[in-house]
Amino acid sequence: MKAPVRVSVTGAAGQIGYSLLFRIAAGEMLGPDQPVVLQLLEIPEAQEPLQGVVMELEDCAFPLLAGVTTSDRAEEAFADADYVLLVGAKPRGPGMERKDLLEANAAIFSAQGQALNQAARPSVKVLAVGNPANTNALIAQHNAPDLDPRHFTAMTRLDHNRALAQLANRVGCHTREIRGLTVWGNHSATQYPDISHCEIQGRPAPELLETEWVRETFIPTVQQRGAAIIKARGASSAASAASAAIDHMRDWALGTPEGAWTSMAVPSDGSYGIDAGLIYSFPVRCSGGDYRLVEGLAIDDFSRERMEATAAELREERDAIRHLLP
Ligand code: NAI
């Protein structure tokens, strides 16, 4: 049996946490031969419900679960962490402006970035799920100067998976039969799900799908899917978000399937004309515990405009909290 790795999860008593922790402990994130220690962070008011979640984790008697710790101190929860899922965030309250939300979360993610810098392993891989995810990842990254800046990522995998599902429904195939989809940009309504390079059952997607459907139905449906779920369920996506977080970390740690790529929001290196440093969703391939951007895709005018619009939103978010970046 391998030595256990340490996985820290913030917001562990929340909705996503409740779907996420059990799957990590079951080996779905890091594989069936990798024991894990879960290190759970919650605010002081949520420590009691968190104890209930820990009791349930114990009651599953997971063979791979090597231990569980809880804390309301980030340095403690991130101690020697190998993987960190930053799920906890401040939700938008009544009357709260977008800027207030950005600032409230900037405070949380600055402190957590500093704690990561102090306590986590130098090789730690970080995924921001809590919204605004891309900018939260940027803030944590800027507050952790000793860690690898490339290891700060944000989740657009849920958007990617949602787009796969829409395409599969439209064509009448399985999501497994779709390759080469990309979600570009921000995890927000400006994201751009791009089918230009997509193949469905080995055939180019642009030949199978009418342009009007792609532009007028597919793109807005994927962009607005989160809101549609809130409307139907009365609560935001949780199990699908947890599943996407598992997919993101599993692919990063264990690799994307041969010949396939996925979408991850990662620090831009300037590829595709996107400002270097922004945490922007790109097509990536993963292997050996690392990710590489898929380079050299042809970008048409329609795509360029969409990619720029979502980059502009990320620049605005960054500028709104710039005074909080060290
Ligand atoms: P939730 O409100 O059920 O749970 C959030 C938990 O975080 C709460 O238990 C809260 O006590 C905790 N928390 C708040 N501040 C904290 C802090 N400073 N440190 C540690 N824990 C803290 O929310 P849910 O549904 O679990 O969603 C979590 C976040 O994920 C939200 O920001 C949501 O918008 C975001 N999200 C992101 C998605 C994506 O695709 N990137 C998809 C779905 C949700």
Side-chain angles (χ1 to χ4, degrees), residues 1-14 16-43 46-47 49-88 112-130 137 140 144 146-148 150-155 157 239 241-256 264 286-291:
M1 197 63 123
K2 292 182 183 169
V5 296
R6 296 182 176 273
V7 180
S8 303
V9 179
T10 74
I16 295 177
Y18 196 67
S19 289
L20 182 62
L21 300 175
F22 298 84
R23 294 188 56 191
I24 299 174
E28 291 183 43
M29 188 171 95
L30 297 171
D33 59 349
Q34 180 58 66
V36 293
V37 174
L38 288 173
Q39 305 189 154
L40 311 179
L41 181 69
E42 260 296 352
I43 55 175
Q47 291 297 314
L50 183 61
Q51 287 313 318
V53 176
V54 173
M55 286 156 73
E56 286 204 69
L57 280 165
E58 285 172 5
D59 293 349
C60 293
F62 285 116
L64 290 171
L65 188 56
V68 185
T69 67
T70 62
S71 180
D72 60 8
R73 291 187 45 245
E75 291 78 13
E76 198 173 6
F78 297 157
D80 297 321
D82 300 282
Y83 299 90
V84 174
L85 293 92
L86 300 173
V87 180
Q112 293 186 352
Q114 288 161 19
L116 283 167
N117 200 54
Q118 253 178 43
R121 283 172 62 97
S123 57
V124 65
K125 291 178 161 67
V126 181
L127 168 63
V129 174
D146 302 328
L147 300 178
D148 184 345
R150 290 182 69 254
H151 283 194
F152 285 80
T153 68
M155 189 167 94
R157 183 60 173 264
S243 197
I246 299 253
D247 289 347
H248 177 114
M249 281 306 210
R250 185 200 56 233
D251 283 357
W252 189 0
L254 305 179
T256 39
M264 277 168 70
C286 306
S287 68
D290 198 7
Y291 65 81

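Both backbone and side-chain heavy atoms feed into the values below; hydrogens, waters and symmetry mates do not.
Between Leu64 and Gly27, the shortest heavy-atom distance links the atoms CD1-CA, 3.5 Å. Across Val87 and Thr10, no two heavy atoms sit closer than the pair N-OG1, 2.9 Å. The two residues Ala25 and Leu57 make their nearest non-hydrogen contact at CB-CD2, 4.2 Å. Contact record, Gly113 with Ala144: O-CB, 3.5 Å, taken as the closest heavy-atom pair. For the pair Trp252 and Val126, the tightest heavy-atom approach, listed with the atom from each and the gap, is CZ3-O, 3.6 Å. Closest non-hydrogen pair, Ala12 versus Leu21, comes out as O-CD1, 3.7 Å.
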Derivation and outcome, side-chain contact (heavy atoms from CB on, under 4.5 Å), residues Lys2 and Asp33: CA-CA 7 Å; Lys2 292 182 183 169; Asp33 59 349; 3.6 Å; yes
Pair Leu116-Phe152, side-chain contact (heavy atoms from CB on, under 4.5 Å): steps then yes or no: CA-CA 11 Å; Leu116 283 167; Phe152 285 80; 3.9 Å; yes
Steps toward side-chain contact (heavy atoms from CB on, under 4.5 Å) verdict (Glu56, Phe22): CA-CA 9 Å; Glu56 286 204 69; Phe22 298 84; 3.9 Å; yes
Derivation and outcome, side-chain contact (heavy atoms from CB on, under 4.5 Å), residues Arg23 and Arg250: CA-CA 12 Å; Arg23 294 188 56 191; Arg250 185 200 56 233; 5.9 Å; no
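Between Leu41 and the choices Glu76, Glu75, Gln112, the side-chain contact (heavy atoms from CB on, under 4.5 Å) rule is met once, by Gln112. Exactly one of Gln34, Met29, Lys125 qualifies for a side-chain contact (heavy atoms from CB on, under 4.5 Å) with Val7. That residue is Met29.
For the atom pair His248 NE2 and Tyr291 OH, the distance stands at 8.5 Å (nearest 0.5 Å). With rounding to the nearest 0.5 Å, the separation of CG in Leu86 from OG1 in Thr153 is 9.0 Å. A distance of 5.0 Å separates CG of Leu127 from CG of Leu85, quoted to the nearest 0.5 Å. To the nearest 0.5 Å, atoms CD (Glu28) and CD1 (Ile246) are separated by 6.0 Å.
Using modelled atom types, no side-chain atom of Arg121 and backbone atom of Arg6 make a donor-acceptor pair closer than 3.5 Å. Using modelled atom types, no side-chain atom of Asp251 and backbone atom of Thr256 make a donor-acceptor pair closer than 3.5 Å. In this structure, Thr70 contributes its side chain and Gln39 its backbone to no donor-acceptor pair below 3.5 Å.
Atom CZ of Phe62 has more than 12 heavy atoms from other residues, nucleotides or ligands within 6.0 Å. More than 12 heavy atoms of other residues, nucleotides or ligands lie within 6.0 Å of CE in Met1, so this atom counts as buried by the packing criterion.
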